[in-house]
Structure formats: C-alpha cells, structure tokens
*Asks:* 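Encoded as structure tokens, here's the structure I'll be asking about.
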Amino acid sequence: MLTWQQLRNLKLTELQDAADGWGEVSNRADAGRDRVSNEMTNRLQQTQKGEAASAALGRLKQLDRNGESDLLRN
C-alpha cells in the first residue's frame, strides 16, 4: 500500500510515459496479431480445400475472435 508521502512524491509524468509506452506495445501487438491472423487465414483459404481445411479455418477464426474479446476486456 502506498503511503501519503509516496503519493505526494509521485511523479505523474513518469507514470504517463510508462502508460504511453505500454499503449504503444499494445497497439503493435494488436497489429501483429491482425497481420498474422490475416496471413494465416488467407494462405489457408488459398492453398487448402476440404473438411480439414474448413475446420482449421473455423478454429483460426474462433481463436482470432477470442483474442479480440480478451483485448476488449482489458
């Protein structure tokens, strides 16, 4: 637990800088997830046919939706 003195001495600009940094990391991770997901699903659709390919594509799409849901919760 923080004390009153620690709160008083807190440097808010440092916290803001840290928050900005984490925001940038989050944005890059999200963009990377989108890119990988799109590349995987597009490649799968272009190169594979049949029930197994359809099932794999469905699972990849569900995994992507799960990742989006996790991001919205956080």
Side-chain angles (χ1 to χ4, degrees):
M1 181 184 282
L2 289 175
T3 66
W4 175 249
Q5 185 175 1
Q6 288 171 320
L7 282 173
R8 189 178 40 145
N9 295 335
L10 197 61
K11 296 179 182 170
L12 296 179
T13 56
E14 291 178 3
L15 291 175
Q16 184 62 48
D17 290 345
D20 291 344
W22 279 110
E24 179 66 25
V25 167
S26 176
N27 290 340
R28 287 182 183 200
D30 189 42
R33 182 189 57 82
D34 287 344
R35 183 180 55 79
V36 168
S37 177
N38 290 334
E39 287 177 8
M40 289 176 70
T41 55
N42 289 341
R43 180 65 60 117
L44 186 61
Q45 287 175 324
Q46 293 169 358
T47 63
Q48 305 298 312
K49 303 292 180 219
E51 280 186 49
S54 294
L57 186 59
R59 289 183 184 123
L60 281 172
K61 288 181 178 180
Q62 182 62 49
L63 185 61
D64 190 49
R65 284 190 297 271
N66 291 347
E68 288 176 357
S69 297
D70 289 343
L71 289 173
L72 293 175
R73 280 187 287 230
N74 294 331

*Asks:* Calculate, to the nearest 0.5 Å, the distance between atoms CH2 and CG belonging to W4 and N9 respectively.
*Replies:* 10.5 Å
*Asks:* Please go through V36's hydrophobic cluster and name the other residues, only I, L, V, M, F, W, Y counting, with side-chain heavy atoms under 4.5 Å joining them.
*Replies:*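 V36 clusters with M40, L44, L57, L60.
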*Asks:* Can you name the residues that form a side chain to side chain contact (heavy atoms under 4.5 Å, CB included) with T3, not counting sequence neighbours?
*Replies:* Q5, Q6
*Asks:* Please, which pairs that meet salt bridge (Lys or Arg N to Asp or Glu O under 4.0 Å) have at least one residue in residues 13-27, sequence neighbours excluded?
*Replies:*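 As it turns out, the salt bridge (Lys or Arg N to Asp or Glu O under 4.0 Å) pairs with a partner in residues 13-27, which skip direct neighbours, are E24-R28.
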*Asks:* Under the rule for salt bridge (charged side-chain N to carboxylate O under 4.0 Å, His left out), what residues qualify as partners of R59, not counting sequence neighbours?
*Replies:*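 In terms of salt bridge (charged side-chain N to carboxylate O under 4.0 Å, His left out), with neighbours along the sequence ignored, R59 is linked to no residue.
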*Asks:* Apply side chain to side chain donor-acceptor pair (under 3.5 Å) to T13 and list each qualifying residue two or more places apart in sequence or on a separate chain.
*Replies:*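 Testing T13 for side chain to side chain donor-acceptor pair (under 3.5 Å), a comparison that skips the adjacent residues, returns none.
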*Asks:* Would you list the pairs meeting salt bridge (Lys or Arg N to Asp or Glu O under 4.0 Å) in which at least one residue belongs to residues 48-58, sequence neighbours left out?
*Replies:*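 Applying salt bridge (Lys or Arg N to Asp or Glu O under 4.0 Å) to every pair that reaches into residues 48-58, excluding sequence neighbours, yields nothing.
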*Asks:* Quick one: does any side-chain atom of T41 pair with a main-chain N or O of S37 as donor and acceptor, under 3.5 Å?
*Replies:*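 Looks like yes, one N/O pair under 3.5 Å.
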*Asks:* Does this structure show an ion pair linking E39 with R43, if we count only N-O contacts that are shorter than 4.0 Å?
*Replies:*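 Not counted as a salt bridge, because no side-chain N and carboxylate O are separated by less than 4.0 Å.
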*Asks:* Is a salt bridge present between K61 and D64, judged by a nitrogen-to-oxygen distance below 4.0 Å?
*Replies:*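 No, no charged N to carboxylate O under 4.0 Å.
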